[in-house]
Amino acid sequence: MLPLIYHASYSQLALPLHHRFPQFKYQQLYQYLIDNQIANAEQFHQPSAVDRHWLNQIHSPDYVTQLLSLSLSSQAVRRMGLPLTPAVIERSLHSVSGTMQACDLAIQHGIALQLSGGYHHAHYDFGSGYCVFNDLIASAVHAKQSHDLSRVLIFDCDVHQGDGTATMSQQYPDVISCSIHCQQNFPARKQQSDIDIELPKGTQDSVYLDAIKQTLDLAIRFYQPELIIYDAGVDVHHDDDLGHFDISTQGIYQRDHLVLSTAKKLEIPIACVIGGGYSKQPQALSERHAQVFIAASTIW
Ligand SMILES: [Zn+2]
């Protein structure tokens with residue numbers, strides 16, 4: 001039975017209704033998976049809030065204190081893109097813990113999928129692009145320490161570059177950052193990951209899937225990771241509100257299937273997070289995010 005991770009707080013951000021962050025998509029995806037019998041309620045694990053000590057280990061303790069005491073400067077809050085409220089902090093603490101739990105469960109079962117996560121624009125001492133804490137780095141460091149792993153690969157297929165992951169991973173030589181993203185998109189100033197693959201606006205399925213395959217093969221051959229954290233962002237979709245790629249829903253399925261089956265074949269545990277995806281049509285967005293869950297259930 002595929003282990004899945006979900007917490008009700010993921011969609012409880014209490015944002016103004018016009019806010020661009022798709023606050024309801026987590027709950028909608030949960031419901032979509034149940035309604036379409038892709039998952040059942042028994043598969044879900046519920047994370048608790050992450051312990052502050054883990055946040056202090058990877059983020060600036062001052063930044064952590066300012067967030068938890070709701071005293072971050074208004075300029076820093078603007079950059080983060082989310083209001084500084086107890087609800088936003090609460091869901092961020094659960095999201096980090098959920099990705100950590102996905103890694104633990106992946107090591108145990110070969111795979112686990114988390115219905116949040118992928119907050120790759122969170123940096124050491126500031127948040128940006130709707131990202132508060134960097135759950136990918138926190139989970140890679142946590143898994144490495146708890147399970148004595150030699151190397152962890154963060155394989156980030158969100159359409160935006162994982163700039164926070166890139167800079168933060170430089171502190172951890174055994175955490176490998178790999179980002180495949182659209183060159184002409186947020187963030188304007190790209191950072192240096194261990195591997196960056198920049199593709200142009202309008203990239204279509206075949207070129208994209210070739211790039212994914214070659215990059216994943218290269219990253220695994222070169223770094224020999226003992227865990228992969230896979231950011232399966234769907235903002236690569238041609239109808240996404242913030243992406244500039246031209247990828248079909250079938251292309252997303254093929255990408256997810258390729259990544260998961262490679263990990264399975266090589267017996268590398270893989271923890272998946274859903275990453276970015278932006279649309280005002282909840283059904284369409286849930287369908288895109290569901291592809292990784294469908295792919296996983298056909299392989300495992
Ligand atoms: Zn994104």
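Nothing fancy with the numbering, it's 1 onward along the sequence. Whatever order the structure lists ligands and atoms in, that order sets their numbers, starting from 1. Keep in mind that the numbers below use all heavy atoms, side chains included, and drop hydrogens, waters and symmetry copies.
As for Asp235, its N/O/S atom nearest the Zn ion (ligand 1) is the one called OD2. Taking the N/O/S atoms of His160 in turn, the shortest distance to the Zn ion (ligand 1) belongs to ND1. Closest approach between the Zn ion (ligand 1) and any N/O/S atom of Asp158 involves OD1.
Not one N/O/S atom of His120, from backbone or side chain, sits under 2.8 Å from the Zn ion (ligand 1).
Defined by atom type and a distance below 3.5 Å, a donor-acceptor pair is present between the side-chain atoms of Arg52 and Thr65.
Shown here for Tyr253 and Gln291, the closest heavy-atom pair between the two residues is CB-OE1, 3.4 Å.
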Check: residues 282-290 side-chain donor-acceptor pairs under 3.5 Å, at least two apart:
| residue | atom | partner | partner atom | Å |
| --- | --- | --- | --- | --- |
| Ser286 | OG | Pro282 | O | 3.1 |
| Arg288 | NE | His237 | ND1 | 3.4 |
| His289 | NE2 | Lys25 | NZ | 3.0 |

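For the pair Ser73 (side chain) and Ala76 (backbone), a donor-acceptor distance under 3.5 Å is present.
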